[in-house]
Amino acid sequence: MTFLLIQLLTGLSSAAVLFLVASGLSLVYGVTRILNFAHGSLYMLGAYMAYTLTQYLGGDGVNFWLSLVLAAGGTAIIGALLEILILRKVYHVPELFQLLATFALVLVIQDVTLHTWGPEDLLGPQAPGLDGSIKILGEPFPTYDLLLIVLALAVLGGLTWLLNKTRFGILVRAATEDREMVANLGVNQKLLFTGVFALGSFLAGLGGALQLPRESVSLSMDMSMIIDVFVVIVIGGLGSIRGAALASIIVGVVQAFGILIFPQITLVILFLIMAIVLIFKPYGLFGKAEDGMVEKAQLSAGALRLPPPHMRYVWGALLLVMLALPFMVGNYGLVLVTEMLIMALFAASLHFILGPGGIGVFGHAVYFGLGAYAVAMLTKYLALAMPLALVAAPIAAIAAALVFGWFCVRSQGIYLAMLTFAFAQMVWAVVFQWYDVTGGDNGILGVWPPEWANDKRVFYYLVLTLCGCCLMLLRHFIFAPFGYALRAVRDNAKRAEAIGLNTRKMQHLGMALAGGFAGLAGGLFAYSKGSVFPTTMDINTTLDAFVMTLLGGLNTLSGPVLGSVVYTWLESEVSRATELWRLCLGLIILGIVIFFPHGIVGTINNLILKRKGGVQ
Amino acid sequence: MKSKNILLSALMASILVISTAQAETQATPQAATKEPIKIGELNSYKALPLYIENYRKGWTLALEELNKAGGIHGHKVEVIDRDDLGKPSDALRVATELVEREGVVMLSGCMFANVCLALGDYAEQRKIPVMRWFGTFDDETKRESDYAFALLAASVPPRAAAEYLGGKAPQNWLSAGPNYAYGHKTVKVFEQKIKEQNPTISWPEPFWFPLGKLDVQSLISALQAKKPQAFLSTAFGPDAVSLMREYRKRPVDGLTTIVSIETGMPEFMNTIGAEFPEGWVMTGYPSIDIPDPAHKKFVEDFRKKYAEDPSWMALNGYIAYNLIFDALKKAPDLKPDSIRGALQTAEYQSPVGKVRMRKSDHLSTYGIWVGKSTVVDGKPKLRDWKYYSGDQFLIDETKVRNN
């Protein structure tokens, strides 16, 4: 009994920290409609600054608490600056671009933090007077953790008061309900947004600073916190403080008991809760359906045009170059181009679902990874021949896409993105933790192609043939009636339904199709590397595919292909030349989102159109 | 309009392809005399900066000493250093680039177990020797890869820690570790070793936690509830810091023996500082406390160059590269198979005694220190430590099958 009580308190104290950080994120989302990936980075910055301040002011008595508050204040200032300098420029871009822009900030802040504070984990002082424990029913419990629970309750009270009793709070609530209306009433929106962002950042910074006596300050704090916090605010309902509070408690307590009951699947539990909640309550526990969806920028605008007939000569020439390639470049060049081709298929499959499909999925790598694992496991356990394994890869991916898609098409907007994210994370967690079958993080090795295809040239031709055919097939689908129907659903779901299209079925099929192509790309990837690892389906692989697709441009078919070529080449060259690869990647993403939202191909297209005086 | 943009993409694609191709032709294969000998080093600078920077300091020192002394048969040695981004798939790309474009004669490096495994598989496939500082936990009766070598076998630290307890290990245990392949295997190996000494020991299912996200309070509650006499932790980094911090607040009655793998390394001790616990059994590196003259000289040379004390990874880098240099000196030529052959019999009189590569399983006899944690004048230290050579914990060489 005592044990259960102590465990409950443990859960509540982790819920307290979750709530501090999550409430800030939820507030920011409510007003700005941006799901800020960098919120975890602000949390980390709060912890780092608190460390430095305690070193400078000394960690005793009042100075300790002063340091924490100052650190939170400093985080608020940084948050406000980020809002003014960067986020203000992305309020009008589609939400997936916003998600990407904030992820770019994560990368930039990571590298800046590394260069400011160095790589070592830093250990701050204990809270003065609270470094012991008190007995609860005869069992010791850390005093500081009790304080956290009290503090979180105080913050909850304070926020409720702020939102209900002050003019600022009323404006925040009004903006959460209807942004346009608040603007029309003459409220200074810029100031309001900056203010809310600063408040949210303050809470994140405070959450980070309060971790100082509990754990060492390290560079991994940002990602480990942000994923949990995403789950919390999605369960609670985006924009809802009450929801954030309740969801924090659910997540904190379930995790505290889960780790004792099912230690093997701790990573899965979190996403399982989120998926279950979203399936029954598509907008979270306290969230509302967003009519605001309509005013949001469309993911993709403009119709796709069929290229003029003489284009076939260009493609023909390119094909000749590709065919002659093995005789022009050496082994490394060939390996790199093979990887480019595989990534081009992967990016094109994502483009298919994002662009023509208009479905903002955020876990596409799961199909890529499933394809890779299907190949690896069939090769390893059943010694299946390569051609059969390569057939199995897309089948496995399509099967998964059909299951996940069934749930996903019942959701929309950011919730859909989060649902796809939850499914992807669940599969990743299973693969990562079930190491008797999947090899865990050690992956599955020795997945080399059979003797006849092991030569780099032969394998290159194989990949060229398969990827080339698949790209043509994808193109065919886009210009087939199915593709037109998909775009009709994207552009106006109600009208599409009125003319007799089954919108959900269309989107469901679209997801399955995109998943299948990603799966084949994954299968080829497994053979090209001779191994698979959980990283093939983690969030970074999803982001890679995003950057490739957006770099090329969403409105064109050649965009993802060119994007993956440029990206793979950049990654190979930049990561070689500098240790600041993450910073560079972050800046590239920010550059695309802010200055070239149409990508390389789209921007060139627009320039040509402008010169010709045509209408976009 | 569309045609132009596709034309342009085609053009750009071909430029990229050709530039890649040219870069490759510029790379010179090692053939001419007095050309430097190139070694490719790939490691996780971004993912584990602290450890890998120290490792780099170690091998840089070894490299400078070698080149000052005339290199290898008159050739200078050059190390081409790359980040593997901490991911096996990226590591494989970097390895391909080092081998195919830079023309390195062999590879070295890697830190994460999964990257090391992947690199071993690549080495076997590409038939290029690779020297890793850390060996993996494969089936011990079988050599993991014909071309991959390792300085420290992963099974040595947990076995050494169990050996240190001698026959005095208590009866009731609880263990905790990060929930991934390396964490599981470390706990398993320790359990087997301790049960060899006393088969009746009670060893319940360990407490597994996600790497980097140890819920310390839950762990300590579990300890409070089960009241074991002994506890094994394989937590490291931030997880281990939280564990030590929170355990101090809620110590468990009757828990007399705590074993903590890898937290006796200077890299870790410098982080935790004065909050280092008292009397935990740890694998680690006592660094400047080691009295041997050879080690004293290493410390002095290291201090002269970097104005700091060597950490564990610095020593590892230093020894790993000296083993490589010994092999390069002995190899009749620089063909991959010749270097592989020479690596199989490489030896080095290191600052901590002779280290020899075992031909059977490609693991070296380098070992580990085990001691008890303590704090002296506010500084964390190991006391009552002992060095265990890898020899005594690796399986008998005649029992290793060669493939």
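Lettering follows sequence order; numbering is per chain, from 1. Note: hydrogens, waters and symmetry copies are ignored here, and every other heavy atom, side chains too, is used.
A search for ring-ring contact (aromatic ring centres under 6.0 Å, His included) contacts involving B:Tyr51 returns nothing, not counting sequence neighbours.
A 4.5 Å side-chain heavy-atom check between B:Asp121 and A:Trp448 finds at least one atom pair inside the cut-off. Put simply, the side chain of B:Arg250 reaches to within 4.5 Å of the side chain of A:Ile6, judged on heavy atoms. Using a 4.5 Å cut-off on side-chain heavy atoms (C-beta onward), A:Val335 and B:Glu100 make no contact. Using a 4.5 Å cut-off on side-chain heavy atoms (C-beta onward), A:Asp121 and B:Val241 make no contact. Between A:Asp131 and B:Arg248, every side-chain heavy-atom pair lies at or beyond the 4.5 Å cut-off. In this structure, the side chains of A:Ser216 and B:Arg245 stay at 4.5 Å or more apart for every pair of heavy atoms.
Interface remark: A:Ser218 contributes side-chain atoms only to the contact with chain B (heavy atom separation under 4.5 Å). In this structure, no portion of A:Pro534 lies under 4.5 Å from any heavy atom of chain B. In this structure, chain B has a heavy atom under 4.5 Å from the side chain of A:Leu114, while its backbone stays farther away. Within the 4.5 angstrom heavy-atom criterion, no atom of B:Glu124 approaches chain A.
Interface check for chain A: of the options B:Gln224, B:Glu246, B:Arg93, B:Glu267, the most heavy-atom pairs under 4.5 Å are formed by B:Arg93. No other option in A:Ser133, A:Ala317, A:Ser14, A:Pro142 has as many heavy-atom pairs under 4.5 Å with chain B as A:Pro142. Put simply, of B:Ala222, B:Ala113, B:Ala118, B:Gly212, the one with the most heavy-atom pairs under 4.5 Å next to chain A is B:Ala118.
Note that the CD atom of A:Glu339 and the OG1 atom of B:Thr96 stand 9.0 Å from one another [nearest 0.5 Å]. Rounding to the nearest 0.5 Å gives a distance of 10.5 Å between OG of A:Ser220 and NZ of B:Lys213. To the nearest 0.5 Å, atoms CG (A:Leu123) and CE (B:Met244) are separated by 10.5 Å. Rounded to the nearest 0.5 Å, atoms CG (B:Leu219) and OG1 (A:Thr10) are 11.0 Å apart. In this structure, OG in B:Ser89 is found 5.5 Å from NZ in A:Lys529, a value given to the nearest 0.5 Å. Summarising the geometry, atom CG belonging to B:Leu117 is positioned 8.0 Å from atom CZ belonging to A:Phe533; distances are rounded to the nearest 0.5 Å.
Nearest heavy-atom pair across B:Asp215 and A:Ala256 is OD2-CA, 4.1 Å.
Atom NZ of B:Lys379 has 12 or fewer neighbouring heavy atoms from other residues, nucleotides or ligands inside a 6.0 Å radius.
Under the 3.5 Å distance criterion, the side-chain polar atoms of B:Ser242 are left unmatched by any main-chain donor or acceptor of A:Glu215.
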